[in-house]
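These notes are about the structure you will find just below.
Start at 1 with the first residue, then count along the sequence. As the structure is a computational prediction, the values presented were derived from the model and not from experiment.
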Amino acid sequence: MKEKPTKQEKIQANNLIEEVTEILGPCVKCGMCKSNCPVFKTIREESISPRGHSISLLNKKLEESLFDCTLCKSCERNCPLGIKICDSITKAREALSLKKKNTKQNEEMLKNLEETGNPFGNNPPKGEELFCC
Ligand code: SF4
Ligand code: SF4
């Protein structure tokens, strides 16, 4: 059975959602943040653009597509209001995690880390190696 959030986790998640709303509150939905977003440039869907995330989050909708963001901050460089879009996305992801709405891949990675200390587990895919910068 799927794990349910505790009362404390629900409170923490709601507090994070309030913080997200405060960060994005000044957004005027101009779309200037979209032009350099690598994810939007590849997938071409408004909902996964930084403006799309902003609109969804201001409506208190936490979509799984938040995990598609690379946190590269290109959007922040183009925002005329200096909105910290990445901060809002990381907080929203944390809220999703507290609400036990992690993606399947994240769940698997966490389980692997707990059990083996390796995000790929004991049987990493062939040809995949992790390098430290
Ligand atoms: S550039 Fe800034 S103000 Fe404009 S839509 Fe993006 S986040 Fe909102
Ligand atoms: S931080 Fe996320 S939303 Fe912003 S430009 Fe990069 S991928 Fe796009």
Side-chain angles (χ1 to χ4, degrees):
M1 201 170 74
K2 199 159 170 63
E3 202 185 348
K4 286 191 176 164
T6 63
K7 195 175 165 192
Q8 186 65 26
E9 285 170 330
K10 280 185 195 169
I11 292 169
Q12 283 177 319
N14 288 339
N15 287 342
L16 282 164
I17 293 167
E18 286 307 316
E19 287 176 35
V20 169
T21 309
E22 277 170 30
I23 294 169
L24 296 173
C27 174
V28 291
K29 305 174 183 69
C30 64
M32 288 179 72
C33 49
K34 290 196 320 185
S35 58
N36 283 338
C37 173
V39 180
F40 176 70
K41 276 163 105 175
T42 306
I43 302 176
R44 289 276 159 202
E45 271 182 34
E46 173 68 21
S47 62
I48 50 84
S49 76
R51 177 172 68 178
H53 290 313
S54 179
I55 292 170
S56 297
L57 289 169
L58 283 168
N59 287 322
K60 303 217 190 292
K61 279 195 213 153
L62 276 70
E63 311 281 359
E64 194 179 299
S65 62
L66 286 166
F67 289 100
D68 292 334
C69 169
T70 64
L71 301 176
C72 67
K73 295 195 175 193
S74 289
C75 48
E76 293 186 8
R77 283 197 288 277
N78 270 18
C79 175
L81 300 174
I83 293 175
K84 300 285 183 205
I85 302 163
C86 289
D87 282 356
S88 72
I89 290 176
T90 48
K91 283 176 191 287
R93 285 180 179 175
E94 196 180 339
L96 272 170
S97 181
L98 285 162
K99 285 170 173 272
K100 310 298 177 202
K101 289 183 181 169
N102 257 326
T103 61
K104 200 171 140 244
Q105 291 84 353
N106 278 358
E107 291 291 349
E108 196 178 317
M109 180 185 70
L110 290 171
K111 189 167 165 273
N112 285 338
L113 276 170
E114 268 172 29
E115 290 175 1
T116 68
N118 181 342
F120 291 113
N122 281 330
N123 299 304
K126 285 209 168 33
E128 300 251 358
E129 289 180 68
L130 289 177
F131 293 96
C132 176
C133 54

Expected output: side-chain Ser54 to main-chain Pro50 donor-acceptor under 3.5 Å:
no
Test your reading of the model: is there a side-chain donor-acceptor pair from Thr116 to the backbone of Leu113, 3.5 Å cut-off?
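Checking the backbone N and O of Leu113 against the side chain of Thr116, no donor-acceptor pair under 3.5 Å is found.
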To the nearest 0.5 Å, tell me how far [X] [atom1] sits from [Y] [atom2].
| X | Y | atom1 | atom2 | answer |
| --- | --- | --- | --- | --- |
| Lys10 | Lys7 | NZ | NZ | 9.5 Å |
| Arg51 | Cys79 | CZ | SG | 12.0 Å |
| Lys84 | Leu24 | NZ | CG | 12.5 Å |

Looking only at heavy atoms, which two atoms of [X] and [Y] are closest? And how far apart?
| X | Y | value |
| --- | --- | --- |
| Phe120 | Asn112 | C-ND2, 3.6 Å |
| Ile83 | Glu76 | O-CG, 3.6 Å |
| Met109 | Pro119 | CG-CB, 3.8 Å |

Path from [X] to [Y] over hydrophobic side-chain contacts below 4.5 Å:
| X | Y | result |
| --- | --- | --- |
| Leu16 | Ile85 | no |
| Leu110 | Phe67 | no |
| Ile23 | Ile17 | yes |

Name each donor-acceptor pair under 3.5 Å that joins a side chain in residues 58-65 to protein atoms two or more places apart or in another chain, with its distance.
unit_1: Asn59; atom_1: ND2; unit_2: Ile55; atom_2: O; d: 3.2
unit_1: Lys60; atom_1: NZ; unit_2: Thr21; atom_2: OG1; d: 3.3

Under 3.5 Å donor-acceptor pairs involving side-chain atoms of residues 89-96, not counting sequence neighbours:
unit_1: Thr90; atom_1: OG1; unit_2: Cys86; atom_2: O; d: 3.1
unit_1: Thr90; atom_1: OG1; unit_2: Asp87; atom_2: O; d: 3.0
unit_1: Lys91; atom_1: NZ; unit_2: Glu19; atom_2: OE1; d: 2.6
unit_1: Arg93; atom_1: NE; unit_2: Leu66; atom_2: O; d: 3.1
unit_1: Arg93; atom_1: NH2; unit_2: Leu66; atom_2: O; d: 3.0
unit_1: Arg93; atom_1: NH2; unit_2: Cys69; atom_2: O; d: 2.6

Could you go step by step and tell me if His53 and Val20 meet the side chain to side chain contact (heavy atoms under 4.5 Å, CB included) rule?
CA-CA 11 Å; His53 290 313; Val20 169; over 6 Å; no
Short N-O contact, Glu9 and Lys100, less than 4.0 angstrom
yes
Do Asn14 and Ile11 have side chains that approach each other closer than 4.5 Å (heavy atoms only, starting at C-beta)?
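Contact flag for Asn14/Ile11 side chains = no.
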For residues 31-44, which side-chain N or O atoms pair as donor and acceptor with protein atoms under 3.5 Å away, sequence neighbours left out?
unit_1: Lys34; atom_1: NZ; unit_2: Glu46; atom_2: OE1; d: 2.8
unit_1: Ser35; atom_1: OG; unit_2: Met32; atom_2: O; d: 3.3
unit_1: Ser35; atom_1: OG; unit_2: Asn78; atom_2: ND2; d: 2.8
unit_1: Thr42; atom_1: OG1; unit_2: Pro38; atom_2: O; d: 2.7

